[in-house]
Amino acid sequence: RRLPAEVVSRRRPAPSKASLFADDDEPHGAIITTELRQVLSMKPEHRAKWLGKAVQQTQDGRIDAKEVYDIVAHAKFANDLSEKAGRRMFRIVHANLRLFSSKQVAATSA
């Protein structure tokens with residue numbers, strides 16, 4: 001039997017998926033996540049958006065290209081992608097190959 005004022009649970013709400021992305025409204029823009037688990041847990045459409053932002057932040061020097069490559073090269077990164085999202089990601093990666101080392105480019109092209 002519980003009392004009406006009794007605290008049953010003190011769970012903290014999980015952070016929303018939207019908080020993983022940088023807001024364009026912020027003056028300096030937050031750095032997006034480069035944790036593999038978080039990126040792989042995103043929906044395929046969000047992974048495509050994440051890749052665009054990650055490449056942009058790599059160009060700006062805010063993220064290391066190796067971190068982005070390690071996520072993109074992971075086998076599960078391309079799981080469940082629609083054709084449209086896959087083409088978009090392909091174009092993003094191949095338009096920005098100069099960000100990656102020659103070994104990384106060779107592994108991507110293979």
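- Atom CG of residue D70 and atom CG of residue L36 lie 8.5 Å apart, to the nearest 0.5 angstrom.
- Listed for the Q57 side chain is a donor-acceptor partner under 3.5 Å among the backbone atoms of I32.
- Here the CH2 atom belonging to W50 is positioned 3.5 Å from the CD1 atom belonging to I71, to the nearest 0.5 angstrom.
- For the atom pair N79 CG and H74 NE2, the distance stands at 9.0 Å (nearest 0.5 Å).
- Within the 3.5 Å criterion, the main-chain N or O of S41 finds no donor-acceptor partner in the side chain of R47.
- Side-chain atoms of T33 and V39, non-hydrogen and from C-beta on, do get closer than 4.5 Å to each other.
- Taken from CG in L99 to OG1 in T58, the straight-line distance is 6.0 Å, to the nearest 0.5 Å.
- With contacts defined as side-chain heavy-atom distances shorter than 4.5 Å, the pair V55/Q59 qualifies.
- Annotation: the span from H94 atom NE2 to M89 atom CE amounts to 12.0 Å, rounded to 0.5 Å.
- Here the NZ-CG distance, from K43 to L81, works out to 14.5 Å after rounding to the nearest 0.5 Å.
- Side-chain contact between K84 and E45: absent, with no pair of heavy atoms (C-beta onward) separated by less than 4.5 Å.
- Put simply, F90 and V68 are part of two different groups of oily side chains (I, L, V, M, F, W, Y) that touch within less than 4.5 Å, one to the next.
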TODO: Kindly indicate, with the supporting measurements, whether the criterion side-chain contact (heavy atoms from CB on, under 4.5 Å) is fulfilled by V72 and V93.
DONE: CA-CA 9 Å; V72 171; V93 169; 4.3 Å; yes
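- Residues K49 and R88 approach most closely at CG-NH1, 3.8 Å, considering heavy atoms.
- In R98, the CZ atom is crowded: over 12 heavy atoms of neighbouring residues, nucleotides or ligands sit closer than 6.0 Å.
- Nearest heavy-atom pair across F100 and A65 is CE2-O, 3.6 Å.
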Task: R62/Q56 under side-chain contact (heavy atoms from CB on, under 4.5 Å): CA gap, chis, key distance, verdict - done: CA-CA 9 Å; R62 294 191 285 175; Q56 181 64 42; 5.8 Å; no
